[in-house]
Structure formats: structure tokens, C-alpha cells
Colleague: 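Mind having a look at this structure? Questions to follow.
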Number of protein chains: 2
Amino acid sequence: MKQKKPNQRVRDGERTVALLKRATMEQLISNGFAGLSVGPICERAGVSRGALFHHFQSKDHLVAASFEELLKDFAKQMHEIGRNLRRGAISIDEFVVRISDTMASDLFVGCMEISLGIRSEFGLSPLVEKAITDWRLSLFDFWNSTFDLPGFDAEDRATHWAMASNLLRGHAFSSSFGAGPQAKERLYRGFPKLILNCAVVRPEQENIVQLNNK
Amino acid sequence: MKQKKPNQRVRDGERTVALLKRATMEQLISNGFAGLSVGPICERAGVSRGALFHHFQSKDHLVAASFEELLKDFAKQMHEIGRNLRRGAISIDEFVVRISDTMASDLFVGCMEISLGIRSEFGLSPLVEKAITDWRLSLFDFWNSTFDLPGFDAEDRATHWAMASNLLRGHAFSSSFGAGPQAKERLYRGFPKLILNCAVVRPEQENIVQLNNK
DNA sequence: CTTTACATACCGACCGGTTGGTATGTATGA
DNA sequence: TCATACATACCAACCGGTCGGTATGTAAAG
């Protein structure tokens with residue numbers, strides 16, 4: 001009988017791992033890659049150092065695992081926004097506001113930190129490589145499944161998404177850098193004009209060819 | 001007798017300061033903000049710790065001073081490219097290649113590192129604030145003095161530059177992140193189409209209203 | 001032209017504190 | 001009894017920064 005009585009002592013590996021991953025991303029976002037030390041991470045998670053190194057063979061492995069989850073969350077949010085647009089739940093203007101705000105959120109700060117981090121932390125790089133590739137594909141997939149671009153061939157579509165994502169990335173960067181509130185308004189005006197004038201929202205029913213499953 | 005025998009000590013303050021600033025930016029670019037320690041910086045510069053702290057009251061002051069120079073170099077390069085376009089020394093296509101390559105260079109990696117760094121290093125932030133503001137103005141100035149945008153009012157122009165710079169920033173970021181070579185080609189195609197189709201290169205003779213002198 | 005005095009440039013040992021990682025011990029549950 | 005989950009104490013390496021002392025340049029005094 002697996003009666004689930006409330007434990008005093010928490011002895012739950014999965015929970016500890018989840019706490020550690022969440023604490024790692026919080027610490028990364030608030031203190032940067034340079035301030036990403038195991039001490040504060042453990043404190044945040046309410047877990048001892050021993051527990052950390054019991055579940056992860058090194059700090060890099062913890063960081064990589066946490067980052068992977070962050071990327072998944074990120075992609076999930078973008079897909080969700082696209083789905084809402086196709087469902088008609090939000091307008092195009094609202095769509096633009098939401099994707100740019102998502103891009104300019106803490107999630108993306110985390111991505112930037114890691115991206116710069118792996119330039120010098122050679123041990124971390126191979127651990128996150130695959131997650132980043134998957135993430136890129138997933139975002140391209142989001143764009144393709146949200147918009148149709150009549151008359152565009154494959155390379156045109158790739159260029160179109162490259163420009164759209166560059167715009168959002170650049171905005172995200174300057175925005176978490178300390179740009180004024182006008183920056184947002186300008187993106188809300190400029191993005192649809194430059195990027196979406198040739199795009200058509202795919203109808204909800206349309207079945208999309210998935211580029212990568214899962 | 002003041003014979004100039006081969007000295008152990010060089011004794012040239014300006015030279016030492018310049019060496020330290022250069023070494024700091026090199027170290028920042030190659031090892032990131034997290035790897036920006038005074039030890040390696042001194043080693044690179046061929047100078048002792050004592051000399052460093054003789055000329056700079058803290059590491060943050062050194063970093064700020066170095067960053068300031070990097071931003072000036074950066075802005076100077078952009079202005080130079082704009083001048084070459086107006087002189088007719090380079091084509092529009094060549095112009096696009098050069099500004100996007102400059103944006104995607106090590107100089108910008110340094111900017112990103114510092115930008116993220118000041119999010120958590122509160123001591124550094126006030127030391128670089130002014131330099132960043134000046135840099136922003138200088139780049140906007142570069143854009144305005146290079147292109148005329150017929151029919152655009154002040155806010156339109158600001159939005160236009162915001163989009164152009166966001167595109168370049170986003171490209172720079174993904175490019176130093178590990179994007180493939182197609183990313184460049186796509187920017188070379190997409191940037192003129194989206195951004196420059198409504199812009200006219202100002203003639204060389206035209207006198208430009210300077211937004212900020214120096 | 002010397003001698004003396006003093007400011008500046010520089011060196012490298014050293015300090016307290018923090019880092020990622022480990023070795024060891026203990027509570028828990030099957 | 002025995003593997004697992006976690007805590008604690010500890011380590012060597014490294015961190016930014018300080019300090020006493022030395023080399024060097026300059027300017028006034030003799």
C-alpha cells in the first residue's frame with residue numbers, strides 16, 4: 001500500500017532536482033553568468049551542496065539542464081501565442097505585443113547570459129549545443145505554422161524569419177539593456193509594417209507540416 | 001652619469017594605462033565578463049598588479065575606462081563606413097556588408113558582455129552610463145547623417161533607426177552565438193529590402209545638423 | 001655641475017574571502 | 001541489510017585589493 005502521508009523530511013530526488021534547476025535560472029537571471037555560484041543556488045533552492053553534487057556531476061551539468069528547461073518554456077510560450085492568434089483569440093497587434101514582450105523577458109536574458117557564457121566556458125558548450133539547435137528549429141517551426149507567406153520560396157521564408165527574429169532579438173537586447181519605453185512603442189509600430197505586411201495568418205484548421213516532432 | 005642603460009622598468013604611465021585598457025578588452029572578449037580577472041589582465045599587459053591599482057582605483061574603474069574606448073572605436077568605425085558610402089567609395093551592398101560585419105565583430109561581443117555585466121555589477125553601472133548614452137546618440141547621428149528619409153517626421157526616423165539597429169543587433173547576437181554562414185547572406189539580402197528601400201544616401205556636400213558635437 | 005628632496009611609477013608578497021568540488025557521516029525507506 | 005538522499009566539514013585554487021619597499025624622474029639648493 002503506497003499511502004502518501006505528509007513527510008516531515010523531504011526525501012524526493014525529483015523535487016530536489018526541479019528546485020535546483022529553477023533556482024539556477026533565477027540566479028542566472030538576477031546575478032548573471034559571473035554570479036552563478038553553487039552557494040547562492042543551493043541557498044535559493046533550500047538544498048545543501050552535497051545534494052547538488054549528488055544529482056549533478058558538475059556545475060556545468062546543472063546549468064545545462066536548467067538552460068534546457070528554460071529554452072523549452074520559451075519555445076512553448078511562443079507557440080502558445082501563435083496558436084492564440086490562429087484561434088482568433090488575439091488580434092495581430094496583440095500578437096506583436098506578446099511575442100516582443102516574451103522575447104524581451106527574463107527568459108531571453110537567461111539565453112543571452114548562457115550564449116555569452118559558452119563562448120569562454122568550453123566545458124558547458126557541448127552540453128547545451130543540442131538544446132539550442134532544437135530550440136532554433138522549434139522557433140522557426142512556430143513562425144511557419146503561424147504565418148503563410150504567399151509567393152515565398154523556402155529560402156525567402158528562411159530570410160523572412162531571420163529578419164523577424166533578428167528584429168525581436170535586437171529589441172530584446174536593447175530593452176534589457178536599459179532602452180526607454182519609446183523603444184517598445186517603436187517596435188509595436190515598426191514590426192508589423194516591416195515584417196507582417198506580406199504575411200497571412202494561417203487558418204486554425206490548417207494542418208501544418210511539423211519540422212521536428214516532440 | 002645618466003647613461004640610458006637597458007631598464008627593467010619602463011616607467012611610462014600613459015603607455016601602461018593604454019596597455020591595461022587594451023588587455024582588459026582583449027580579455028573580456030576572449031574570456032567573457034566572468035573571466036575578467038585582474039591576474040590575466042596584468043599578464044596580458046605585461047604589468048604588475050601594483051601598477052594596475054596605482055593607475056585605477058578599482059577593477060571596475062579599469063573596466064569602465066576600457067569600455068569607453070571600445071565604444072568610441074565602435075562608433076568611429078560606423079561613421080567611417082557611412083562617410084565612405086556618401087563619398088561614393090563603396091556601394092550600398094558593400095555598405096550593408098560592412099556595417100553588419102562591424103556590428104557582428106568582437107567589438108559588439110564586448111558591448112554585450114558589459115551590458116549584461118552591469119545588470120548585476122551595481123558598482124560598474126554608473127561608471128559606464130554616460131559613455132553608453134553618448135554612444136547611442138552617436139550611432140543615431142551616424143544613421144541620420146548617412147541617410148535621408150523623405151516624408152519621414154522625427155518619430156518616423158527614430159522608429160526607422162530603431163528597427164535598423166535592432167536588426168543589426170539581433171544579427172550580431174545570433175552571429176556570435178554560432179549561427180551558420182547563411183545568416184550573413186540572409187541579412188545582406190533582407191536588410192536593404194526592409195530598411196533601405198525608403199532611404200536616400202545623402203550627397204557628400206550636404207551639411208548635416210550635428211546632434212551632438214565631439 | 002653636483003647634491004638633496006620629493007613625487008611618481010612600479011613590483012610582488014600577502015590578506016581575507018569565495019570558488020567548484022570532494023570525503024565523510026547520517027537519516028530514510030525498501 | 002543495503003542503496004539512496006541528503007548534510008557537513010573541508011580542500012586547493014583563485015579572487016580583488018593592500019602594503020612596504022624600490023626604481024626613476026624632476027626641481028630646487030648648494
Side-chain angles (χ1 to χ4, degrees), chain A residues 1-21 23-24 27-28 31-66 117-118 120-125 127, chain B residues 1-21 23-24 27-28 31-66 117-118 120-125 127:
Chain A
M1 172 90 52
K2 297 256 172 196
Q3 182 86 30
K4 194 76 180 182
K5 62 183 171 191
N7 284 341
Q8 304 281 53
R9 290 292 178 95
V10 184
R11 195 184 162 78
D12 183 344
E14 274 186 49
R15 199 187 89 107
T16 302
V17 166
L19 283 175
L20 279 169
K21 289 201 273 192
T24 302
Q27 180 69 14
L28 176 71
N31 285 59
F33 196 82
L36 195 59
S37 316
V38 290
I41 291 174
C42 291
E43 208 172 321
R44 241 180 228 268
V47 158
S48 71
R49 300 162 79 84
L52 192 161
F53 287 103
H54 172 73
H55 290 287
F56 297 95
Q57 62 179 281
S58 77
K59 188 186 112 175
D60 281 351
H61 284 79
L62 167 61
V63 171
S66 314
I118 60 177
S120 42
E121 294 273 316
F122 299 124
L124 185 56
S125 179
L127 300 178
Chain B
M1 184 176 294
K2 297 268 173 190
Q3 181 85 29
K4 196 76 180 180
K5 62 188 169 187
N7 284 341
Q8 304 281 55
R9 297 198 179 178
V10 181
R11 203 182 164 77
D12 181 344
E14 274 187 48
R15 198 186 88 106
T16 302
V17 167
L19 283 174
L20 280 169
K21 289 202 273 193
T24 301
Q27 181 70 14
L28 176 71
N31 285 61
F33 196 81
L36 195 58
S37 318
V38 290
I41 291 173
C42 291
E43 209 172 321
R44 241 180 228 269
V47 160
S48 72
R49 280 170 157 58
L52 192 160
F53 287 102
H54 172 73
H55 290 288
F56 297 94
Q57 61 178 281
S58 78
K59 187 185 111 176
D60 280 351
H61 284 78
L62 167 62
V63 172
S66 314
I118 60 178
S120 42
E121 295 274 315
F122 299 123
L124 185 56
S125 179
L127 300 178

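These numbers were taken from a predicted model, which means no experiment stands behind them. Note: hydrogens, waters and symmetry copies are ignored here, and every other heavy atom, side chains too, is used. Proteins get letters first, then strands, A, B, ... in listed order; numbering begins at 1 in each.
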Colleague: Picking from B:Ile41, B:Leu36, B:Leu127, what satisfies side chain to side chain contact (heavy atoms under 4.5 Å, CB included) with B:Leu62?
Modeller: B:Ile41

Colleague: Of all the nucleotides listed (D:dC6, C:dC10, C:dC11), which has the minimum atom distance to the side chain of B:Val47?
Modeller: C:dC11

Colleague: If you check every side-chain atom of B:His55, which of D:dC6, C:dA9, C:dG20 has the closest atom?
Modeller: C:dA9

Colleague: With rounding to the nearest 0.5 angstrom, report the CG to CG distance, A:Leu124 to A:Asp60.
Modeller: 5.0 Å

Colleague: So do the side chains of B:Thr16 and B:Leu20 get within less than 4.5 Å of each other, counting heavy atoms only?
Modeller: yes

Colleague: Among D:dC6, C:dG20, D:dG16, which is the nearest nucleotide to the side chain of A:Ala51?
Modeller: D:dC6

Colleague: Using whole Å, report how far CG of A:Leu20 lies from C1' of D:dA7.
Modeller: 14 Å

Colleague: How many whole angstroms separate atom CD of B:Gln57 from atom P of D:dC19?
Modeller: 15 Å

Colleague: Take atom CD1 of B:Ile41 and atom P of D:dC14, then tell me their distance rounded to the nearest Å.
Modeller: 16 Å

Colleague: Respond yes when some side-chain nitrogen or oxygen of B:Ser58 is under 4.0 Å from OP1 or OP2 of D:dG16, and no when none is.
Modeller: no

Colleague: Closer to the 5' end of DNA chain C via nearest nucleotide, is it A:Pro40 or A:Gly50?
Modeller: A:Pro40

Colleague: Tell me: CZ of B:Arg15 to C1' of D:dG25, nearest whole Å?
Modeller: 17 Å

Colleague: Under 3.5 Å, side chain of B:Gln27 to main-chain N/O of B:Gly35, donor-acceptor pair present?
Modeller: yes

Colleague: Choose from C:dG21, C:dC11, D:dT18 the nucleotide whose nearest atom is closest to any side-chain atom of B:Phe53.
Modeller: D:dT18

Colleague: Calculate the interatomic distance between B:His54 atom NE2 and D:dG17 atom P; express it in whole Å.
Modeller: 17 Å

Colleague: Just how far, in rounded Å, is C1' of C:dT18 from NZ of A:Lys59?
Modeller: 12 Å

Colleague: Categorize A:Leu36 for me: base, sugar-phosphate, or nothing, with a 4.0 angstrom heavy-atom threshold over every strand shown.
Modeller: sugar-phosphate

Colleague: Should B:Val63 and B:Phe56 count as side-chain neighbours, where that means a heavy-atom distance under 4.5 Å?
Modeller: no

Colleague: Measure from the side-chain heavy atoms of A:Ser37 and tell me the nearest of D:dG17, D:dC6, C:dG20.
Modeller: C:dG20

Colleague: Taking CZ from A:Arg49 and P from C:dA23, how many angstroms apart are they, rounded to a whole number?
Modeller: 15 Å

Colleague: Over how many whole Å does the gap from B:Glu43 atom CD to D:dG16 atom C1' extend?
Modeller: 16 Å

